[in-house]
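Basis for what follows: all heavy atoms, side chains included, without hydrogens, waters or symmetry-related copies. Since we're looking at a predicted model, the values are computed, not measured.
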Amino acid sequence: MSARSNIVCYYDVVSPYSYYGVKLLNRYKPQWKDVDVELRPVFLAGVLSGSKNQAPANVAAKGAYMFKDLGRLSTASGIPMNFPSNFPTMTVPALRLLVVIQKTESVATYEQCVEKLLEAYWVEDKDVSQQEILINALAPIIGADKASKYMQQTSDKEIKQQLIDNTNEAIEAGAFGAPTFVIKKAGSDKPHLFFGSDRFEVITSFLGLPYEGLATKTSPAKL
């Protein structure tokens, strides 16, 4: 049992609510001094299939609501979003690349790369299924040479298996979409699952953490 609380966020770059979930999590967590946070990539289509769920965009009423909701969420949070012209796109290359970076780089650098690929898709309308776009997006953070090297490693069996393992782990934890947060309180090994980018008020109440609300006084990070 850990003396610190732990939050694992399962996300996929293709998920708009993962974009908001990661952005909000990174906004709030500097205030949470006794909490360890990990961003863990999963293949959302695999989570949906494994849980016998389907994407909101595949249900007419849910899809129509989602488009309106995402705009309202952008306004309320101050987090920019431009719905990508190529949606959904295949994010497996991006997810495998993030697996490589998570294994190789520091936590801070990995988290920068996660945010950058989410922003590339959900703000800059870049097709993150394309290797060249992924390399160019991450070059300012890790350098073009490293980005190219890591891209080559995405075909390694170990990297492919890690993404599969992450996805199966999320399903086994009860995930049915993204973002999914699996949380353990300090002093306990019992996992608690929370779904969605709108659960931070409940999560912080559960963990006894400060929460300023969606329209926080803290200025959102600039792109």
Side-chain angles (χ1 to χ4, degrees), residues 9-29 37-48 54-59 62-99 101-102 109-142 147 151 163 166-167 170 175 177-181 195-200 214-216 218-223:
C9 171
Y10 295 98
Y11 70 92
D12 188 337
V13 178
V14 79
S15 160
Y17 291 105
S18 286
Y19 165 65
Y20 282 119
V22 169
K23 294 289 285 187
L24 290 168
L25 185 59
N26 287 341
R27 177 187 289 182
Y28 300 140
K29 74 176 183 178
V37 176
E38 180 189 347
L39 306 176
R40 199 170 293 176
V42 296
F43 182 42
L44 179 55
V47 172
L48 295 174
Q54 57 182 312
N58 292 339
V59 180
K62 285 185 178 181
Y65 173 81
M66 181 183 73
F67 286 111
K68 295 178 182 177
D69 185 53
L70 293 172
R72 290 192 290 251
L73 184 51
S74 178
T75 300
S77 65
I79 297 173
M81 169 178 274
N82 297 311
F83 205 88
S85 54
N86 185 20
F87 177 82
T89 193
M90 173 55 71
T91 53
V92 167
L95 298 170
R96 289 176 180 168
L97 180 57
L98 289 168
V99 169
I101 294 169
Q102 186 174 27
T109 299
Y110 163 67
E111 290 178 348
Q112 277 186 280
C113 291
V114 173
E115 278 213 45
K116 181 57 187 175
L117 293 191
L118 284 164
E119 290 166 358
Y121 189 51
W122 289 105
V123 181
E124 300 166 10
D125 195 15
K126 301 287 182 62
D127 186 355
V128 292
S129 69
Q130 304 300 312
Q131 292 190 10
E132 184 177 356
I133 288 175
L134 293 172
I135 291 168
N136 290 339
L138 298 185
I141 301 173
I142 58 176
M151 196 75 244
L163 181 59
N166 288 356
T167 302
T180 291
F181 303 90
F195 169 71
S197 62
D198 59 347
R199 309 313 293 162
F200 286 106
L214 186 61
T216 176
T218 305
S219 298
K222 294 181 180 179
L223 300 183

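By the 4.5 Å heavy-atom criterion applied to side chains, Leu98 and Cys113 are counted as neighbours. Counting heavy atoms from C-beta on, the side chains of Leu25 and Phe200 come closer than 4.5 Å. Annotation: side chain of Tyr10 is not in contact with side chain of Phe181 (no heavy-atom distance under 4.5 Å). Side chains of Val22 and Pro179 form no contact here, defined as non-hydrogen atoms less than 4.5 Å apart.
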Mind running side-chain contact (heavy atoms from CB on, under 4.5 Å) on Ile79 and Arg27 for me, showing each step along the way? CA-CA 11 Å; Ile79 297 173; Arg27 177 187 289 182; 3.5 Å; yes
Please report, to 0.1 Å, the donor-acceptor pairs under 3.5 Å made by any side chain of residues 129-140, with sequence neighbours excluded.
unit_1 : atom_1 : unit_2 : atom_2 : d
Ser129 : OG     : Asp127 : OD1    : 2.7
Ser129 : OG     : Asp127 : OD2    : 3.3
Asn136 : ND2    : Glu132 : O      : 3.3

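Here the side chain of Tyr17 pairs no donor or acceptor atom with the backbone of Phe195 at under 3.5 angstrom. Under the 3.5 Å distance criterion, the side-chain polar atoms of Thr167 are matched with a main-chain donor or acceptor of Leu163. Between the Gln112 side chain and the Ile142 main chain, no donor and acceptor come within less than 3.5 Å of each other.
A distance of 7.5 Å separates OG1 of Thr91 from CG of Leu44, quoted to the nearest 0.5 Å. For the atom pair OG of Ser197 and CG of Asp69, the computed distance is 7.5 Å after rounding to the nearest 0.5 Å.
Results of the salt bridge (charged side-chain N to carboxylate O under 4.0 Å, His left out) test with Glu111 over Lys116, Arg40, Lys29 single out Lys29 as the only residue that passes.
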